[in-house]
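In what follows, a structure is listed as structure tokens, so that the remarks can point back to it.
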Amino acid sequence: MYLADSRGTGVTAAPDPGPGRRPAAVPATVLALGAVSLVTDVSSEMVTAVLPLYVVAGLGLSPLGFGLLDGINNGVGALVRLAGGHLADGGGRRHKTVAGLGYALSALCKPLLLLAHTLPVISAVLAADRTGKGLRTAPRDAMISLATEPRYRGRAFGVHRAMDTTGALLGPLVAFAVLRATVDGYDAVFAVSGCVALLGVLVLVLFVPGHIATAPAPATTAPGRPVPSPEPARPTLRDAVGLLRRPELRALTLCATLLGLTTVSDSFLYLLLQREGDLPAHLFPLLPLGTAAVFLLLALPLGALADRAGRRRLFLAGHGVLLLGYGLVLSPWHGAPAVVAVLVLHGTFYAATDGVLAAATAAAVPARHQGAGQALVGTGQALARFACSLAFGAAWGLWGGRTALAVTAGALAVSAVVAAFVLRPVPEVSP
């Protein structure tokens, strides 16, 4: 088992479990971080579920204006993700501290939406919220990587993403219930979201260990006589950026960025489904539930499959599933069954790519650079999705949603072919 000892010097990943005992595939640290993500995602998805209708229908913003807001959601956090990853990898491995600052900042932003009624103010609040997300994402994924035995990382990330998605599943339900039960529904959603986010910060403080270290493989000069490994030097910012000189990490970053440029944001996809399926506006917050439910069911089995069949291969296959979803939206088939089928494909895409990409990244960088490595790949993907949101919003305003999606689908097909040539199986990096 992997035990969180807040009194000692740290938590050691993959220790010797002793004779006759098998090491746990999913350590306690991962479960604690999953609980934090579950609670936090309830808060985040409450806002995400109502934000498109709030700004488009309630405030009267154009699709291009919403594209700007959605781009902020995906892109601003990327600007601080590299800094968050590097700070977390610094002396003493401050992963929990940096992640905690990110969670706290996002929690404080939720009540501020009560005061935001114009595009500039909403943009500023969302920018601060995504800054918090950018700070916490890389340190959190680094903690998962460090606490887990390498051969089980796909499964561990699958468990974490399943717990995270449980929150994503509950968030829209809570938002739907609040909208139905209150007069000023949007304000009530933002207020409840802030309270739930503070609970997530409390879970992090109480249950996640403050220091997580990886036990290095001992070197030996004679059978049975281990030689202590020297303490590695503190990582520098140059070291972090220099990680891109590693061919395996460079390939991952390139492909994540290229495919991110052709990944339509969830909000745009749901708006298209709502319009194409003629769904009533009050049912819109329920659309993310289909994606979240499939993600929840498939995150663990697909994570375990990635450990056996290849994480990069499954990551690429997930984008093939997304391309099928785009094709289904563009097809003549409409109505509730078509909407359900698209949501199933959408959830499968996330289950095959989200945690799988993090596990593939963890295998491509040394332990002391886990935060920076996760940040590099995540930053490339997030900035690409930011650009996609802006471009898709502009294309929607000029040509309509269906034409914009058709162009994006064609670009995704080309990007997937290029990524198939770039990605290849690589051995894991030693700590």
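Worth knowing before you read on, the calculation uses all heavy atoms, side chains too, and leaves out hydrogens, waters and symmetry mates. Remember, predicted model here, so these are calculated numbers, not experimental data.
Rounding to the nearest 0.5 angstrom, the gap separating the CG atom in L328 from the CG atom in L343 is 10.0 Å. In this structure, CZ on F190 lies 7.0 Å from CG on D187, to the nearest 0.5 angstrom. Rounding to the nearest 0.5 Å gives a distance of 5.0 Å between OG of S145 and CZ of R153. Expressed to the nearest 0.5 Å, how far CG of L324 lies from CG of L345 amounts to 6.0 Å. Between the OG1 atom of T361 and the CD atom of E248 there is a distance of 10.5 Å, given to the nearest 0.5 Å. Interatomic distance, CG of L38 versus CG of L33, reported as 12.5 Å (0.5 Å rounding).
Not a single ring pair (Phe, Tyr, Trp, His ring centres under 6.0 Å) links Y326 to another residue, sequence neighbours left out. Residues forming a side-chain contact (heavy atoms from CB on, under 4.5 Å) with A317 (at least two apart in sequence, or on another chain): none.
In terms of heavy-atom proximity, L252 sits nearest to A364 at CD1-CB, 4.5 Å. A pairwise comparison of heavy atoms in D164 and S37 identifies OD2-CB, 3.3 Å as the closest pair. The two residues S389 and S265 make their nearest non-hydrogen contact at OG-CB, 3.9 Å.
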Give the table of side-chain donor-acceptor pairs shorter than 3.5 Å for residues 98-108, with sequence neighbours excluded, one pair per line with atom names and distance.
residue : atom : partner : partner atom : Å
S106    : OG   : G102    : O            : 3.4
S106    : OG   : D129    : O            : 3.0
S106    : OG   : R136    : NH1          : 2.8

Just list the side-chain donor-acceptor pairs under 3.5 Å for residues 398-410, sequence neighbours left out, or say none.
residue : atom : partner : partner atom : Å
R402    : NH1  : V329    : O            : 3.4
R402    : NH2  : L330    : O            : 2.7
T408    : OG1  : A404    : O            : 2.9

Under 3.5 Å, sequence neighbours excluded: what are the donor-acceptor pairs made by side chains of residues 289-303?
residue : atom : partner : partner atom : Å
T291    : OG1  : Y270    : OH           : 3.0
T291    : OG1  : H346    : ND1          : 2.9

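Between S44 and the options V42, V47, T40, a side-chain contact (heavy atoms from CB on, under 4.5 Å) holds for only T40.
Pairs engaging residues 327-339 under the salt bridge (Lys or Arg N to Asp or Glu O under 4.0 Å) rule: none recorded [sequence neighbours left out].
The residues R161 and D141 are annotated as salt-bridged, a charged nitrogen and a carboxylate oxygen being separated by less than 4.0 angstrom. A salt bridge is absent between D307 and R155; no separation between the charged side-chain nitrogens and carboxylate oxygens falls under 4.0 Å.
Side-chain contact check for V30 versus P27: some heavy-atom pair is nearer than 4.5 Å.
Taking the six-membered ring for Trp and thresholds of 30 and 60 degrees, H319 and F349 have ring planes more than 60 degrees apart, a perpendicular arrangement.
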